[in-house]
Amino acid sequence: MQTFQLFLMFLLVLSKNLRTLQNISDSDDGVCIAKDECQMGKSSNYKEEITVFNIIIQEIEKARKSHSPCSTDPEDVECVCHRNVIDSDLGIFQKNGITRSALDEAAKYGTRYKIYNHRLYRESNCMFPSRCEGIQHFILKLLPELPDMDLVINTRDWPQVPLTFNAESKAVFSFSKTKDYADIMYPAWTFWAGGPAISLYPTGIGRWDLHRENLKRAAGKYAWKSKIPKGFFRGSRTCSERDSLILLSRKKSHLVDAQYTKNQAWKSLKDTLNADPAKEVSFEDHCQYKYLFNFRGVAASFRFKHLFLCNSLIFHVGDDWLEFFYLALKPWVHYVPLPKYPTEGDIEDMLEFFKKNDDLAKEIADAGYEFIWKHLRMQDVECYWRILLKQYAKLLKFKTEFDNSMIEIKIKNN
């Protein structure tokens with residue numbers, strides 16, 4: 001905080017200089033008379049930079065004043081940092097509960113599961129087996145303490161229930177959504193299995209518990225001062241929001257190293273913005289860079305949680321797509337927010353600000369790392385599933401019955 005306070009004092013001096021320059025330009029018909037400036041253009045650029053920097057520092061100050069830690073308990077056995085998401089997602093069903101007919105309607109949008117007598121059952125067909133495996137891993141562990149229930153879990157990337165479409169009659173669980181959907185968020189299958197399959201992770205990202213330890217070791221190899229002071233990104237062109245970063249990298253490689261890789265849909269150079277596709281880079285190797293960029297994919301980005309554990313400064317683009325843990329993270333405290341479609345100028349301004357204010361960059365990077373390390377453990381994921389399912393079961397307005405058309409899912413030896 002001392003660093004932050006000193007910077008505020010520095011900014012105050014700069015702001016006074018800005019007001020002086022403004023008075024000069026207003027009274028001298030745009031003629032620059034500052035001692036070290038001979039062209040209005042230079043003075044204008046200086047004023048623009050100070051204005052942008054002033055906006056950034058105001059956002060940081062405002063965020064820090066309004067932020068309080070969600071939990072100071074190092075164990076946090078009740079996953080309090082994420083409880084409000086459960087309350088919010090289930091709130092739409094509080095008035096009328098969930099009827100059997102509503103669940104039958106919801107079944108059109110996902111895979112039916114049943115917990116009966118502390119056993120887990122599923123309809124025989126699963127659209128994405130590895131995704132079902134990642135979901136079942138957590139439910140199976142919790143069976144001894146879960147009541148009977150019927151539920152529908154969507155394993156597609158996209159949420160299924162728009163808020164405007166009789167949402168209270170369709171209780172569908174989805175891993176990700178935007179704020180205009182009523183799906184009930186659950187921890188994605190990628191905490192255990194599945195996820196994007198690329199050459200580095202041919203069976204999907206999977207096993208968050210293992211990645212946590214690997215990334216912690218990788219982050220330890222690169223002290224903050226030794227990290228490469230560039231923005232970094234590797235990923236396929238799943239959305240055009242990523243283009244401005246790639247184009248900036250091609251123009252200013254000293255500032256950004258960002259390239260597109262192939263994905264399963266790649267057909268030609270057009271799919272990598274008219275450049276040869278780059279090789280994929282492991283999460284661990286991301287840790288050598290000081291500034292890392294996160295974009296949505298088809299839905300929310302699976303890489304987001306991994307990037308934080310590099311202990312680098314995270315630039316998160318857009319705020320529309322969510323996973324269950326996003327809302328506990330605060331912009332400007334845990335990461336740097338960028339608009340959904342940032343311009344090259346937006347990105348350059350933000351990078352230049354934090355390159356010139358390295359201590360602030362490190363403080364935000366440390367806060368993001370600490371939050372994910374302490375409040376997105378495997379036990380937090382299990383805790384979320386437990387509380388979510390128990391609260392959901394209370395909303396059911398019918399008694400769960402055995403269904404011999406469903407298959408029993410049993411624990412596998414891992």
Side-chain angles (χ1 to χ4, degrees), residues 1-12 53-91 176-179 184-187 208 212 216 219 224 292 294 300-301 304-339 350 353-354 357-388 391:
M1 291 302 296
Q2 185 176 10
T3 299
F4 184 68
Q5 292 168 351
L6 289 172
F7 182 77
L8 285 176
M9 295 174 63
F10 172 67
L11 181 67
L12 181 62
F53 284 12
N54 189 26
I55 292 171
I56 295 172
I57 202 67
Q58 286 175 357
E59 291 296 331
I60 295 173
E61 181 182 18
K62 182 170 64 175
R64 288 185 170 183
K65 284 182 177 179
S66 64
H67 176 66
S68 58
C70 57
S71 174
T72 56
D73 181 357
E75 294 302 320
D76 189 17
V77 294
E78 294 300 320
C79 52
V80 296
C81 291
H82 312 293
R83 289 289 294 272
N84 63 323
V85 179
I86 296 174
D87 295 339
S88 176
D89 283 356
L90 295 180
S176 172
K177 68 176 181 178
T178 55
K179 295 173 183 177
I184 303 163
M185 283 192 291
Y186 67 88
W208 172 235
R212 278 172 55 88
K216 184 177 183 180
W224 180 259
L292 300 178
N294 182 67
S301 168
F304 196 28
K305 59 184 178 289
H306 296 81
L307 298 182
F308 280 104
L309 293 188
C310 276
N311 209 1
S312 298
L313 182 63
I314 308 305
F315 292 80
H316 180 49
V317 179
D319 62 356
D320 48 349
W321 283 96
L322 303 171
E323 285 189 70
F324 83 94
F325 65 91
Y326 282 27
L327 293 173
L329 293 162
K330 191 171 183 67
W332 301 111
V333 173
H334 300 114
Y335 65 87
V336 176
L338 284 170
M350 206 65 75
F353 173 85
F354 284 105
N357 298 281
D358 192 62
D359 289 344
L360 271 177
K362 186 177 186 304
E363 288 175 12
I364 298 174
D366 287 345
Y369 173 91
E370 287 295 315
F371 181 88
I372 294 297
W373 183 254
K374 292 180 179 178
H375 301 297
L376 198 62
R377 304 159 296 176
M378 289 297 270
Q379 64 205 68
D380 297 306
V381 177
E382 293 172 12
C383 175
Y384 192 91
W385 268 114
R386 183 181 69 250
I387 295 173
L388 174 64
Q391 294 300 110

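Below, each value reflects all heavy atoms present in this structure, side chains not excepted, and no hydrogens, waters or symmetry copies.
- The line from SG of Cys79 to NE2 of His375 is 11.5 Å long, rounded to the nearest 0.5 Å.
- The one candidate from Phe308, Tyr384, Trp208 that meets the side chain to side chain contact (heavy atoms under 4.5 Å, CB included) condition with Leu376 is Trp208.
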Taking it one step at a time, do Glu61 and Lys65 satisfy salt bridge (Lys or Arg N to Asp or Glu O under 4.0 Å)?
CA-CA 6 Å; Glu61 181 182 18; Lys65 284 182 177 179; 3.3 Å; yes
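- Remark: Asp380 engages Arg377 in a salt bridge, criterion side-chain N to carboxylate O under 4.0 Å.
- Annotation: side-chain hydrogen bond (donor to acceptor under 3.5 Å, both in side chains) contacts of Glu78 (sequence neighbours excluded): none.
- Between Trp385 and Tyr186, the ring-plane angle classifies as tilted under the 30° and 60° cut-offs.
- Between the side chains of Asp358 and Trp224, at least one donor-acceptor pair of N or O atoms lies under 3.5 Å.
- Across His334 and Ala328, no two heavy atoms sit closer than the pair CE1-O, 4.0 Å.
- Contact of the Glu363 side chain with the Asp366 side chain is not registered, since no non-hydrogen atoms from C-beta on lie closer than 4.5 Å.
- Side-chain contact between Lys216 and Tyr369 is present, with heavy atoms from C-beta onward closer than 4.5 Å.
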Ile60 and Phe353: CA distance, side-chain angles, deciding distance, side chain to side chain contact (heavy atoms under 4.5 Å, CB included) verdict:
CA-CA 12 Å; Ile60 295 173; Phe353 173 85; 4.1 Å; yes
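- Here Ile55 contributes atom CD1 and Phe53 contributes atom CZ; the two are 11.5 Å apart, rounded to the nearest 0.5 Å.
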Check against side chain to side chain contact (heavy atoms under 4.5 Å, CB included), Phe371 and Val333:
CA-CA 10 Å; Phe371 181 88; Val333 173; over 6 Å; no
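- Side-chain contact between Glu59 and Pro331: absent, with no pair of heavy atoms (C-beta onward) separated by less than 4.5 Å.
- Smallest separation of non-hydrogen atoms from Ser176 and Leu322: OG-O, 3.0 Å.
- You'll find the side chain of Pro337 stays beyond 4.5 Å of the side chain of Asp319, heavy atoms only.
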Stepwise side chain to side chain contact (heavy atoms under 4.5 Å, CB included) check, Asp89 with Leu388:
CA-CA 10 Å; Asp89 283 356; Leu388 174 64; 5.9 Å; no
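- Taking all atoms of both residues into account, the shortest heavy-atom contact from Lys330 to Ser66 is CE-OG, 3.2 Å.
- Cation-pi check for Arg212 over Trp373 is met; the charged atom lies under 6.0 angstrom from the ring centroid and within 45 degrees of its normal.
- Among residues two or more places apart in sequence or in another chain, the ring-ring contact (aromatic ring centres under 6.0 Å, His included) test is passed with His82 by Phe324.
- For Tyr326 and Phe304, the ring centers are positioned less than 6.0 Å apart.
- For the pair Ile56/Trp332, a side-chain contact is recorded, criterion being any heavy-atom separation below 4.5 Å from C-beta on.
- Only one option out of Leu313, Leu292, Leu329, Asn294 pairs with Tyr335 in a side chain to side chain contact (heavy atoms under 4.5 Å, CB included); it is Leu329.
- Heavy atoms from other residues, nucleotides or ligands lying under 6.0 Å from NZ of Lys374 number 12 at most.
- For Lys305, there are no side-chain hydrogen bond (donor to acceptor under 3.5 Å, both in side chains) partners, not counting sequence neighbours.
- Annotation: the span from Ser88 atom OG to Lys179 atom NZ amounts to 10.5 Å, rounded to 0.5 Å.
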